[in-house]
Amino acid sequence: QLVSKDTLVHKGGYFDFEIEKIQPFGRSVFIVLPLAQAIPEYAVYRKFDGQNWQDFVENANNAVASSAAVNGVCPAPHSELYQAGLAVGNTCLRLYIQDGGANDSDGVANGIVVDPGGLAVVANSTIAKETTPEKSSSGSSSLLMLLALAGMILVRRKQFLCK
């Protein structure tokens with residue numbers, strides 16, 4: 001199948017798998033994927049829905065987690081070593097996907113999860129647009145406090161000189 005180009009740059013290749021015999025239909029399943037490359041900064045997991053690339057949908061029945069490998073092996077799917085999200089440097093990816101849910105490419109609760117996808121990196125230009133500069137009022141309030149302190153010192157100095 002010819003896949004359209006994503007707007008994001010993919011790192012470490014693509015995954016294309018089917019998990020079968022999910023019982024009962026509609027249940028969520030864990031999938032562990034050992035990564036050939038460590039998770040880069042600003043990584044997202046992207047899915048191909050058959051026509052377009054989109055971000056992995058996260059909710060109560062769908063999640064992304066990552067972990068470091070232990071002695072070169074990814075932890076078991078239910079391990080507590082997995083932490084929510086994509087931590088930079090980790091080499092183990094765990095997906096939690098609901099049969100028939102938003103991340104099951106066949107879109108049907110039929111006991112089969114179909115998931116073509118991969119890790120991509122959000123462009124710096126996109127990050128810059130989404131990041132708002134921190135606004136601080138501490139600069140002006142610090143200046144006011146400094147002026148008030150200087151005024152108090154001058155007043156005391158005058159009082160001292162007048163005595």
Side-chain angles (χ1 to χ4, degrees), residues 1-140:
Q1 172 182 347
L2 187 59
V3 176
S4 65
K5 186 173 179 172
D6 194 353
T7 56
L8 301 181
V9 176
H10 283 251
K11 300 284 183 175
Y14 300 94
F15 303 101
D16 188 7
F17 57 84
E18 289 186 14
I19 306 298
E20 299 179 347
K21 300 181 182 175
I22 298 168
Q23 296 292 326
F25 290 174
R27 183 177 138 220
S28 294
V29 293
F30 285 114
I31 298 101
V32 172
L33 302 168
L35 303 174
Q37 298 176 358
I39 296 171
E41 194 169 21
Y42 306 117
V44 292
Y45 189 77
R46 301 280 283 175
K47 305 252 321 118
F48 187 70
D49 68 6
Q51 295 183 358
N52 300 303
W53 287 98
Q54 62 190 27
D55 287 346
F56 186 92
V57 174
E58 292 192 72
N59 55 35
N61 299 311
N62 296 275
V64 174
S66 61
S67 173
V70 178
N71 296 324
V73 178
C74 288
H78 294 287
S79 171
E80 292 181 15
L81 294 174
Y82 287 98
Q83 298 297 310
L86 298 172
V88 175
N90 281 344
T91 55
C92 298
L93 174 65
R94 182 181 73 183
L95 303 174
Y96 187 58
I97 301 177
Q98 182 182 24
D99 176 30
N103 297 304
D104 181 0
S105 291
D106 70 13
V108 180
N110 58 359
I112 302 171
V113 167
V114 179
D115 178 45
L119 288 177
V121 176
V122 177
N124 286 340
S125 58
T126 303
I127 294 165
K129 289 178 191 173
E130 294 175 358
T131 306
T132 55
E134 288 185 28
K135 293 183 180 177
S136 174
S137 61
S138 63
S140 59

Legend entry - Selection residues 76-89 - residue pairs positive for side chain to side chain donor-acceptor pair (under 3.5 Å), sequence neighbours left out: none
Taking the side chain as everything from C-beta on, heavy atoms only, tell me whether [X] gets closer than 4.5 Å to [Y].
X      : Y      : answer
Tyr14  : Asp6   : no
Ile112 : Ile22  : no
Leu95  : Phe15  : no
Lys47  : Ser105 : yes
Ile31  : Asp115 : no
Leu8   : Val121 : no

Inset, instruction - Supply the atom-to-atom distance Asn103 CG to Asn59 CG, rounded to the nearest 0.5 angstrom. - result: 7.5 Å
Looking only at heavy atoms, what is the nearest atom pair of [X] and [Y], with distance?
X      : Y      : answer
Asp55  : Arg46  : OD1-NH1, 2.7 Å
Asp104 : Val108 : OD2-O, 3.5 Å
Cys74  : Pro34  : SG-CA, 3.7 Å
Lys11  : Pro40  : CG-CG, 4.2 Å
Ser28  : Tyr96  : CB-CZ, 3.3 Å

Inset, instruction - Dump the intermediate steps for side chain to side chain contact (heavy atoms under 4.5 Å, CB included) on Leu86 and Leu93, then the final yes or no. - result: CA-CA 8 Å; Leu86 298 172; Leu93 174 65; 3.4 Å; yes
N/O donor-acceptor pair under 3.5 Å between [X] side chain and [Y] backbone:
X     : Y     : answer
Asn62 : Gln98 : yes
Ser66 : Gly85 : yes
Asn90 : Ala68 : yes
Arg94 : Pro77 : yes
Glu58 : Val64 : yes

Inset, instruction - Apply the test side chain to side chain contact (heavy atoms under 4.5 Å, CB included) to residues Asp99 and Arg27: give CA-CA distance (whole Å), side-chain angles for both, the deciding distance (0.1 Å), then the verdict. - result: CA-CA 6 Å; Asp99 176 30; Arg27 183 177 138 220; 5.7 Å; no
Legend entry - Working for side chain to side chain contact (heavy atoms under 4.5 Å, CB included), residues Leu35 and Leu119: CA-CA 10 Å; Leu35 303 174; Leu119 288 177; 3.8 Å; yes
Inset, instruction - Give me the ring orientation class for Phe56 and Tyr45: parallel if the planes are under 30° apart, tilted from 30 to 60°, perpendicular past 60°. - result: perpendicular
Inset, instruction - Tell me, with the steps shown, if Phe25 and Gln23 meet side chain to side chain contact (heavy atoms under 4.5 Å, CB included). - result: CA-CA 5 Å; Phe25 290 174; Gln23 296 292 326; 3.5 Å; yes
